[in-house]
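Only one structure is covered here, and it is reproduced in the block below.
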Amino acid sequence: MEVKTKTAAEPESRLKTGADVLIQSILREGTDVIFGYPGGAVLPIYDALYRQKVRHVLTRHEQGAIHAAEGYARVSGRPGVVIATSGPGATNLVTGLMDACIDSLPLVVFTGQVATHVIGTDAFQEADVIGITVPVTKYNFQVENAADLPRKVREAFYIATTGRPGPVLVDLPKDICAAAVKQEQADTEIRLPGYRFSKEPSSEQVEKLARAIETAEKPVLLAGAGILHAKAADLVRVFAEKHHLPVVSTLLGLGSFPASHPLFLGMGGMHGTYAANMAISECDLLINIGSRFDDRLTGNLAKFAPNAAVAHVDIDPSEIGKNVRPAIPVVGDARSVLEKLLQRTGKSGEKREWLDHLGLYARTHPLSFSAGKDNEELAPQSVIRHVFRHAGEDAIVTTDVGQHQMWTAQYYPFNRPNRWVTSGGLGTMGFGFPAAIGAQIAEPEKTVVSIVGDGGFQMTLQELAVIAELNLPVKIVIMNNHALGMVRQWQEAFYSKRYAHSIPSMQPDFIRLAESYGIRGVRVATEEEARRVFPEVLRDPQPWVIDCRVKQMANVLPMVAPGKGLNEMIGV
Amino acid sequence: MKRTVHALVSGEDSALFRVTAVFSRQKLNIASLTFKRSGGTNGTSDMKIVTDVENERQARQLIGQLNKLVDVISAADISELPDCDKEKECVAPEINPGC
Ligand SMILES: Cc1ncc(C[n+]2csc(CCOP(=O)(O)OP(=O)(O)O)c2C)c(N)n1
């Protein structure tokens, strides 16, 4: 491929622009949708999009575009693709990049850049996007030559989707996209000498783990999102059943093991179940598959799993030993590791006593709330139950961040993989609703419910325009406590009820707001109304905004207070 | 605990920045640093960095984070190597006062 100095305005039959080559390269990766927002530096790319009739979803803010791409990636397992312009367009992506980075979501993000000859001159809408995004991407680079585009795009998708997935940002100076390119055989050979990952675990380590499982008396399996990335939910189930392993899930691991399975103890960590946290505290073998031992899961590390030999299975070797030093480290992809483990004929006996012991914890300390009478104020937890009852087993649920997120994790039984979309590591308010847009685009036939707080919804609600425009039947359930609930809860518990700026004095009328976009809205304030409204709207093929007026002072319980061990839960 | 780290990095201009970013993220001071192009047209470079870590765990984590970088072909703690080996691996010891 050779670059000519022809302008894009006078295309010859054999000449294309860099932008055309870019779009072709993106399509070659199997991309079926791009989320983006145009601007000066990406005009050549948008011109190519116009010519090539690619599906492009115009969000109303770049943050909306990247969260939508994350939602798309989370439910489909395919990389989400984003385009934004230089300068402010690119900087608006930073939150989403960090969110995808810490939650291991594959994204390929293209940002426009000012033309090569003015880079470094503080040109209009110039930002050092590579410098800004080094810490928030798995990898980033600027393309310096239009002829490199096919290979560079190939490499970006390869890095984003292999090993531990993550976001890759490709910065594209305007002149590269506008350059005329002579089409020859595209060079797509990957040249990344420093990039490596190993899917296949060492047989020796797998053997060690297998032996530990056979001899353990109180084993627990900790199921993390690595299982979902590796598409190994089916194997985890077989494996847990074979060895009678009680299963605890992380926040992001929900759905990797069926919530209604008798071996499932619930989510562990700060707002986990008592049984799950006690299982971790008392076990003699903790088998972590695909979780990174986040502090919200472990609580006080010094008190974490004090009696356990820890096995840690992770595709990212730098995660192993970062927070918890394992006795049995296994570097590999969850699916490959489970396949190897299952090939071993050994089968462990049922640990009846241990399972009964944990079962007793679960029975005596279940998650509980009081739903209240028909005409009383709505309990927020009850809203989750109504959604579950009427959205169906196959529904996808996204949340924003805060109390409603924890209640969803606690009370919504995720029985299938890739139906749960939430911002775990970064806890990004504003994530939930745009993520639902991406999820609905990835799975047009499924019911998609977005459960959001009244605070977080206001961070990205401009994307209502997208669901109206595309008639995406996303159901937005606003858990409206007229408060920044999770902040308010911490102020109640740890700052003597000094509610500094957590109970705003005004909020919009969400129903009229929805209606201004041509979206129907309904208010639900009591149990009786919830029972009537949810079956109706969740089955409707239109988008809906459901403004649920819930108790303002409800708290997420039980809880492991900061600095405490998992065995020191309050509110059980 | 003084540690000497060697990294062979690919020719991307940003490799130096990415490697030093790992140190600053881990709150590790860099006592000395050498960076020298060593490869042919594909351009690899040798880096040698002397730093101070608190313990073995931090040293291991540093090497793990460096090896995770896409531009790092290999990274290793060479503190225990005899001096002659060190000189072979790091190409410009004469301009490295910390060596
Ligand atoms: C972008 C961002 N800013 C601030 C926070 C801190 N924060 C965490 S939860 C929360 C309150 C969320 O309130 P709301 O969206 O109403 O949900 P609720 O907790 O009431 O369910 C805040 C402010 C955050 N997580 N993300």
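Below, each value reflects all heavy atoms present in this structure, side chains not excepted, and no hydrogens, waters or symmetry copies.
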Report task. Measure from the ring center of A:Y195 to the ring center of A:Y139 and say whether it is less than 6.0 Å. Result -> no
Query raised in the report: Any side-chain heavy-atom pair from A:Y158 and A:E29 closer than 4.5 angstrom?
Result: no
Query raised in the report: Where do A:A334 and A:G226 come nearest, in terms of heavy atoms and distance?
Result: CB-O, 3.9 Å
Query raised in the report: Applying a criterion of heavy atom separation less than 4.5 Å, what residues of residues 310-324 of chain A form contacts with chain B?
Result: A:D316, A:S318, A:G321, A:K322, A:N323
Indicate whether the side chain of [X] and that of [Y] have a donor and an acceptor atom separated by less than 3.5 Å.
{"X": "B:N55", "Y": "B:R60", "result": "no"}
{"X": "B:D46", "Y": "B:H6", "result": "yes"}
{"X": "A:T298", "Y": "A:D295", "result": "no"}
{"X": "A:T188", "Y": "A:R151", "result": "no"}

Query raised in the report: If you count heavy-atom pairs under 4.5 Å with chain A, which of B:Q58, B:Q61, B:K68, B:Q65 comes out on top?
Result: B:K68
Query raised in the report: Given that the side chain runs from C-beta out, which part of B:R57 has a heavy atom under 4.5 Å from chain A: side chain, backbone, both or neither?
Result: side chain
Query - Which atoms of B:I63 approach chain A - backbone, side chain, both or neither, heavy atom under 4.5 Å - result: neither
Query raised in the report: Taking A:Q142, A:R196, A:R164 one by one, which has the highest count of heavy-atom pairs under 4.5 Å against chain B?
Result: A:R196
**Report entry** Donor-acceptor under 3.5 Å (A:D171 side chain, A:P173 main chain)
**Finding:** no
